[in-house]
Protein chains: 2
Amino acid sequence: MSSFAFFRRLSKSFHDRPSHVKLILICTTVTGGGLLAYSDAGSSSAHQVAVTEKKKVVVLGTGWAATSFLKNLNNPKYEVQVVSPRNYFAFTPLLPSVTCGTVEARSIVEPVRNIAKKGVDVLFNEAECVKIDAENRKVYCRSNTNNNLNGKEEFVVDYDYLIIAVGANVNTFNTPGVVENCHFLKEVEDAQKIRRTVIDCFERANLPNISEEEKKRILHFAIVGGGPTGVEFAASLHDFVNEDMIKLYPGIKDLVKITLLEAGNHILSMFDKRITAFAEDKFQRDGIDVKTGSMVVKVTDKEISTKELKNGGEIKTIPYGMAVWSTGIGTRPFIKDFMSQIGQASRRALATDEWLRVEGCNNVYALGDCATINQRKVMEDIAAIFKKADKDNSGTLTVKEFQEVMNDICERYPQVELYLKNNQMRDVADLLKAAKGDVKKESIELNIEELKAALSKVDSQMKFLPATAQVASQQGTYLAKCFNRMENCEKNPEGPLRFRGEGRHRFKPFRYKHLGQFAPLGGEQTAAQLPGDWVSIGHSSQWLWYSVYASKQVSWRTRALVVSDWTRRFVFGRDSSRI
Amino acid sequence: MSSFAFFRRLSKSFHDRPSHVKLILICTTVTGGGLLAYSDAGSSSAHQVAVTEKKKVVVLGTGWAATSFLKNLNNPKYEVQVVSPRNYFAFTPLLPSVTCGTVEARSIVEPVRNIAKKGVDVLFNEAECVKIDAENRKVYCRSNTNNNLNGKEEFVVDYDYLIIAVGANVNTFNTPGVVENCHFLKEVEDAQKIRRTVIDCFERANLPNISEEEKKRILHFAIVGGGPTGVEFAASLHDFVNEDMIKLYPGIKDLVKITLLEAGNHILSMFDKRITAFAEDKFQRDGIDVKTGSMVVKVTDKEISTKELKNGGEIKTIPYGMAVWSTGIGTRPFIKDFMSQIGQASRRALATDEWLRVEGCNNVYALGDCATINQRKVMEDIAAIFKKADKDNSGTLTVKEFQEVMNDICERYPQVELYLKNNQMRDVADLLKAAKGDVKKESIELNIEELKAALSKVDSQMKFLPATAQVASQQGTYLAKCFNRMENCEKNPEGPLRFRGEGRHRFKPFRYKHLGQFAPLGGEQTAAQLPGDWVSIGHSSQWLWYSVYASKQVSWRTRALVVSDWTRRFVFGRDSSRI
């Protein structure tokens, strides 16, 4: 090969596969002369380069947490292997829109291979994790394609770090008949199935020789669970029926009924009371039947049985055509199995510490809906805190001594800060004053019992994080940043003081920043609860919703598609073809 | 209710449901005072108005033929009931594009309820026809929703006119294993399934511990049938793999193989030879393996067995990952059953006369892929023609006498016109001259035997119409126009002379006008065969293809969607999420 041809090929290679070439350059730089057996940019062995220094990170899942981790990981020292039954990320907050064709399923998904940062070695395998063996650092996986693979559909993956971000499955509370007869709304396929079923119901009710009563049954849409998903789906369905379907099926318009069943006293109970009241009011005007205090106890193929909590537990049966179940989340079986391995059998989700590390095993992280952060209580560590703060070993703490460790305390135990804020205390002196009574700030000195008394109510401020996309996404970003700076922080820890041990924690603990939450209520109206208890309801919030959801899309492609879907809906309405 | 409130309600009703109000007005006009029990524009009895004069037209199918019939029917004297298992019309020529995500499935479908002309009473039922009882004018149908309907999923529809436009199903030629293991490409669902399977194959080949050989098998895409569909699919798949998939799956790029199996000697044999040659050449350059003379005799889950017709019938087995079967069309079971009822058991498709009326029963029409026109031969009617033309009963025909009926002959027997054209004859005199030798035009006189001789070769020009969307669509339009003018033409027939009977035929017979055909070959290149044997190949034809397919869309909605899908593909590429 002449040198000209060589350069032409090199330049073509740069043009065709910039990411690979960049990868080579970075690898060469980072490994500092390590053997780099990279013979051809496109060869199948590209990912199997023997770079012994690389730590193997296995990520389970491609949801919000996993995706935001992949998106933010930029340290080429890791070799990442993602295992998930879905080869795409789905923008789940738009799933209720997909059920009614306001947005197309494909507009909210992005192949996971497009998401990872260029320069980081990411391999993806479409498979389900079936077992985690934390002791031997192995993950057992099984391909979920049902086709012939000569029995090779199982494989084992080794890891140095394991990141569990598999989300949760639906919680049926073991109600009989739910799995067999209800639709769920957790996956893209669920939304597509619901859409087909809604149109099915209209077509079935439109057949000849169906009695009026039977038509009413078929066109009765029951939604179980008055949380944000259930409410948004009810609203979307109402819009779909009233804006689009009744034009095409004018004969059966008056037979359609939507019922929202909620066991609690109110729908949207996690929102501000003004939002709950507005939603209940709007649904009443729209003709959506909101039944609170109605606990579903059984579902058959044509009827839902409810226990009316307000009427002394009376059992009622409601005939229905389609039922959607959206009440809370449960634990996936292999996570349950893993939890019993590591002594967490009694918990609902994987317990982690504030750095998202799974308690009871090393190098395993859990984030998103499958995990909960087990915030350490101040009271558990109170002796250690006292000892660290009491530098002169006098047996008493002065305000000055306490102030010196206050920042670390607030960082390590966020409930302290929250307590101060909620009790309108400006600083630590106020806290200690409350224990000692009205004495001068400088003369305060507390012994350990008095400190315990001062901090006794602090732990009541601890909150569990909600199982939302927002939390999962922030956790993913946090963890990626930790991984990016792992080596640096090993040398220069930036976390708070270790009260029980020596030195400092490597990283600051994860801290959730609530950016607000939406509850779309149909008819181009949305309720928004923003930070600082700011509530906004109406058309303006709907536009805020549009802009936030458009901006939060994972890629320019999905952004363009979602916006064009919205536009299309405004111009042409929703499609009712049963595909 | 005050009169103001009444008018306001009326105006609102006009605004909200213009189509219904128009329907009332038209009905009132047409029925001329007939009882019109239309109490409320939205009531469920709207479609069951007792208008005894209305003729009931039952249309089976929602494909090209049925849809173009519905689109063009504008006579409000008919009450139309459409029965089809699909509540939408699909623009089938874009199905190969859907298989690879160049166009989305939903962009090529339109709800059938949107298609019918306003003012015509059209009812749609999502059901399959299971039996036709032509004697009692009844059609037996069954709902295709698999859900609970209390056993009421079957119903019977009466008709005055029946229009059969159910298309065809796949013809497997009874090859063992095809139904179980192959994909087809006739319905939208087929295309979606193919898309998922292609991505499945890539994901499977990307799993660990799969041998190189097994990977090659999984990534071998076999297409059986070298017709326009098979060729277009092969080309689309090649583009999809090379433009999009190899970017995401760089490791397995070299393992992908596409094979096109064709039993004949050439692919695209119905096209001009230049197109066939270009296509075979282009596929070779692209690395698509075209195997002609290869007849598939058996398909198992992992292997296709072929009989190599060129090598003396040697049997070969080819391992494959996905197989698509696209060879010709077959007859649907209930059509087969109907054909044996009316004495057409030996035929491949429903035989109709030139007015699309099914032979052997009254008031039943068949069009599209499920029907063939049984063109009457001139030789069968030669005695009647001679008699009609010989006005002076002289036993001989002069040129003048023959010329007087020539227009009717050409209209009734299109093969005559074709014969004249193909033999470069200017008029009838040339034809008769050929029989009598070189004599003067005025002195020609033929007896019946001489006329027979003159016309003996005419019937060889008869052609079967291809089973294309173009034919079906033109037939639908033709039939709608006949139905629109049924009464008028009853009084003032506009068809040719009835040679065997008295008077004239009501309508002119159906005449197909070939507008050309495309064969997209991938890489933004398309071959086009236009009327007059004009052949165009390359990028310019691709743009012609884009514009023709955009303009032929059934609605502005699908047009906008298809064009935006094409744009999206240019900007972002195709999506590879497995949904």
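Bear in mind the structure is a predicted one, so any value in this text is a computation, not a measurement. Note on naming: letters A, B, ... go to the chains in the order of the sequence lines (proteins, then strands), and numbering restarts at 1 for each one. Side chains are part of it too, since the values below use all heavy atoms of this structure and drop only hydrogens, waters and symmetry mates.
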Name the region of [X], side chain, backbone, both or neither, that has any atom closer than 4.5 Å to a heavy atom of chain B.
X      : result
A:S576 : both
A:E110 : backbone
A:A105 : both
A:V109 : both
A:F89  : neither

Set out, in order, the CA-CA distance, both residues' side-chain angles and the distance that settles salt bridge (charged side-chain N to carboxylate O under 4.0 Å, His left out) for A:K56 and A:D158, then state yes or no.
CA-CA 8 Å; A:K56 176 99 176 256; A:D158 297 299; over 6 Å; no

Exercise: identify the closest heavy-atom pair between A:E154 and B:N209:
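Closest heavy-atom pair between A:E154 and B:N209: O-ND2, 3.3 Å.
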
Over all atoms of both residues, closest heavy-atom pair of A:S577 and A:I199:
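It is O-CD1, 3.7 Å.
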
So with a 6.0 Å cut-off around CD of B:E213, is the heavy-atom count from everything else above 12?
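It does not: B:E213 CD has 12 such atoms or fewer within range.
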
Indicate yes or no: at least one non-hydrogen side-chain atom of B:F124 is less than 4.5 angstrom from one of B:S84.
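In contact.
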
Angle class for the B:F221/B:F202 ring planes (parallel below 30°, perpendicular above 60°, tilted otherwise)?
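Geometry flag for B:F202 against B:F221: parallel rings.
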
Are there residues of residues 565-573 of chain A that reach to under 4.5 Å of chain B by heavy atoms, and which ones?
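Counting heavy atoms that sit under 4.5 Å from chain B, the residues of residues 565-573 of chain A involved are A:R568, A:F572.
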
What do the steps show when you test A:E203 against B:R113 for salt bridge (charged side-chain N to carboxylate O under 4.0 Å, His left out), and what is the final call?
CA-CA 12 Å; A:E203 288 296 352; B:R113 290 186 176 78; 2.7 Å; yes

If you measure only the distance, is there a donor-acceptor pair under 3.5 Å linking the side chains of A:T102 and A:S97?
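Side-chain D/A pair, A:T102 to A:S97: absent.
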
Is the closest side-chain donor-acceptor distance between B:Y159 and B:Q81 under 3.5 Å?
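No pair is found: no donor N or O on one side chain lies under 3.5 Å from an acceptor on the other.
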
I need the residue from A:N125, A:L561, A:V83, A:V156 with the largest number of non-hydrogen atom pairs under 4.5 Å to chain B.
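Of A:N125, A:L561, A:V83, A:V156, A:N125 has the most heavy-atom pairs under 4.5 Å with chain B.
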
With respect to chain A, which residue among B:Q192, B:E187, B:R86, B:E104 yields the maximal number of heavy-atom pairs within a distance under 4.5 Å?
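Most heavy-atom pairs within the cutoff with chain A belong to B:E104.
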
